[in-house]
Amino acid sequence: MIKNKIKLEARIENWRNILYDFIKINLEKLQMDENLLEKILLSCEEIYVNIPSYAYSARKIGEAEVYLEFDNKEVKITFIDQGISFNPMLVPNPDTKSSASDRRIGGWGIFIVKKLMDKVEYKRENGKNFLTITKFLNFGGK
Amino acid sequence: MEVEKVQTGEKTVYHVSGRIDTQTSPELQKLLEVGLEEGENNIVLDLKETVYLSSAGLRVILYAQKRIDDIKGGSLTVVNVAPVVMEVFNMTGFTDFMKIEEAKT
């Protein structure tokens with residue numbers, strides 16, 4: 001299993017400036033299907049942007065740590081921040097049947113992650129949020 | 001993300017290329033807001049060159065759809081959707097209210 005990690009300032013723009021390339025370059029070692037890689041990157045964006053948006057307030061910029069663990073069986077990515085307790089698993093699923101006028105603007109990001117990934121786990125420990133997403137590569141693929 | 005806007009008759013076509021993500025979607029939203037303020041009411045989003053759309057992009061589309069629905073005779077049509085983007089529209093049920101067409105433009 002290959003492991004790699006990065007620590008960065010949890011700013012929205014650091015998704016595109018830093019984290020996107022970090023994850024992409026690492027996971028490209030697995031030579032997976034490009035669509036699958038895009039799905040994993042999309043899930044990572046959805047998780048990461050919650051850190052500056054919700055975990056940290058607009059005035060205080062904190063740090064985010066991202067741990068990658070992967071082999072040809074699974075990709076596991078953990079996002080850690082020291083912001084306020086935020087469990088995205090408690091965000092209710094938006095209603096996919098609602099009309100445009102009734103439709104909620106928010107809540108779609110984590111919903112997409114739950115659909116695209118095989119496992120989404122949250123824990124709060126030592127004042128930190130740990131959010132881990134897992135995609136199995138050889139079985140149970142979505 | 002790059003956006004090219006082409007007026008053809010009554011239609012305003014936005015050709016969007018690249019990635020519609022957290023960082024770029026505010027720009028698209030701004031362009032659509034300005035267009036709507038200027039009276040555009042038949043809007044076509046051509047996503048032929050759009051390779052990626054996150055929930056931030058969904059929010060922009062939902063915003064535009066809500067605005068268009070308030071305009072009598074208004075329409076928002078999305079054309080040329082790539083498979084990965086289509087999958088996002090499908091899983092979120094956006095396909096139920098969006099007008100999605102194969103492109104002619």
Side-chain angles (χ1 to χ4, degrees), chain A residues 10-21 23-24 32-54 64 79 88 91-117 133 141-142, chain B residues 1-2 18-29 32-33 36 41 43 45 47 49-72 74-78 81-100:
Chain A
R11 296 175 182 274
I12 293 256
E13 60 268 28
N14 282 348
W15 163 248
R16 266 316 260 150
N17 293 348
I18 299 172
L19 194 53
Y20 174 86
D21 284 331
I23 296 170
K24 190 169 189 219
M32 67 175 86
D33 172 77
E34 205 174 310
N35 275 354
L36 180 56
L37 179 58
E38 284 293 347
K39 286 177 189 174
I40 294 173
L41 286 164
L42 173 56
S43 301
C44 290
E45 176 187 337
E46 302 294 359
I47 298 295
Y48 174 74
V49 298
N50 280 337
I51 298 175
S53 308
Y54 297 108
F79 298 81
V91 176
N93 285 341
D95 180 5
T96 59
K97 298 277 174 237
S98 58
S99 65
S101 59
D102 293 337
R103 194 163 274 243
R104 273 172 37 201
I105 290 279
W108 294 101
I110 190 68
F111 178 76
I112 290 171
V113 177
K114 286 184 206 161
K115 287 275 186 187
L116 291 178
M117 293 292 113
I133 58 176
K142 282 177 196 167
Chain B
M1 182 194 73
E2 278 181 35
R19 311 174 69 83
I20 309 177
D21 59 18
T22 306
Q23 198 151 339
T24 59
S25 60
E27 189 191 331
L28 180 60
Q29 167 134 358
L32 288 166
E33 269 173 33
L36 285 158
N41 54 14
I43 293 175
L45 282 180
L47 303 187
E49 309 288 335
T50 300
V51 295
Y52 179 103
L53 180 129
S54 76
S55 65
L58 285 180
R59 282 196 288 278
V60 175
I61 288 175
L62 182 56
Y63 161 82
Q65 186 70 57
K66 283 175 190 262
R67 287 282 304 265
I68 283 284
D69 286 347
D70 290 337
I71 301 169
K72 204 172 176 222
S75 72
L76 174 68
T77 313
V78 180
V81 184
V84 179
V85 175
M86 195 64 200
E87 207 174 323
V88 174
F89 288 152
N90 273 323
M91 76 175 69
T92 51
F94 271 60
T95 41
D96 291 351
F97 64 82
M98 281 167 65
K99 195 170 151 206
I100 299 175

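Order of the sequence lines sets the chain letters (A, B, ...), proteins ahead of strands, with each chain counted from 1.
- Shown here is A:E34, whose CD atom has no more than 12 heavy atoms of other residues, nucleotides or ligands within 6.0 Å.
- With a 4.5 angstrom heavy-atom cutoff, A:E46 touches chain B only via side-chain atoms.
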I would like to know whether A:R16 and B:R19 meet side-chain contact (heavy atoms from CB on, under 4.5 Å); could you show each step before the answer?
-> CA-CA 10 Å; A:R16 266 316 260 150; B:R19 311 174 69 83; 3.6 Å; yes

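- The number of heavy-atom neighbours closer than 6.0 Å to OH of A:Y54, taken from other residues, nucleotides and ligands shown, is 12 or below.
- Nearest heavy-atom pair across B:R59 and A:I105 is CG-O, 3.1 Å.
- Closest non-hydrogen pair, A:A100 versus B:L62, comes out as O-CD1, 3.7 Å.
- For a residue to count as touching a neighbouring chain, one of its non-hydrogen atoms must lie under 4.5 Å from one of that chain's; by this rule A:S98 touches chain B with the backbone only.
- Contact count versus chain A (heavy atoms, under 4.5 Å) is highest, among B:T22, B:I61, B:L53, B:V84, for B:T22.
- The two atoms that bring B:K66 and A:S101 nearest to each other are NZ-O, 3.3 Å, heavy atoms only.
- For the pair A:R103/B:Q65, no side-chain contact is recorded, criterion being any heavy-atom separation below 4.5 Å from C-beta on.
- Looking only at distances, no side-chain donor or acceptor of A:E38 sits under 3.5 Å from a matching main-chain atom of B:Y52.
- Residues A:L116 and B:M91 come closest through the heavy atom pair CD2-CE, 3.4 Å.
- Remark: the backbone N or O of B:T92 is not paired with any side-chain donor or acceptor of A:K115 at under 3.5 angstrom.
- Of the atoms belonging to B:D69, it is side-chain heavy atoms, and not backbone ones, that fall under 4.5 Å from chain A.
- Heavy-atom minimum distance, B:S55 versus A:I112: CB-CD1, 4.2 Å.
- Heavy atoms only, all atoms of each residue included: A:I12 and B:Q23 are closest at O-OE1, 4.3 Å.
- Residue A:Y48: no heavy atom, backbone or side chain, is found under 4.5 Å from chain B.
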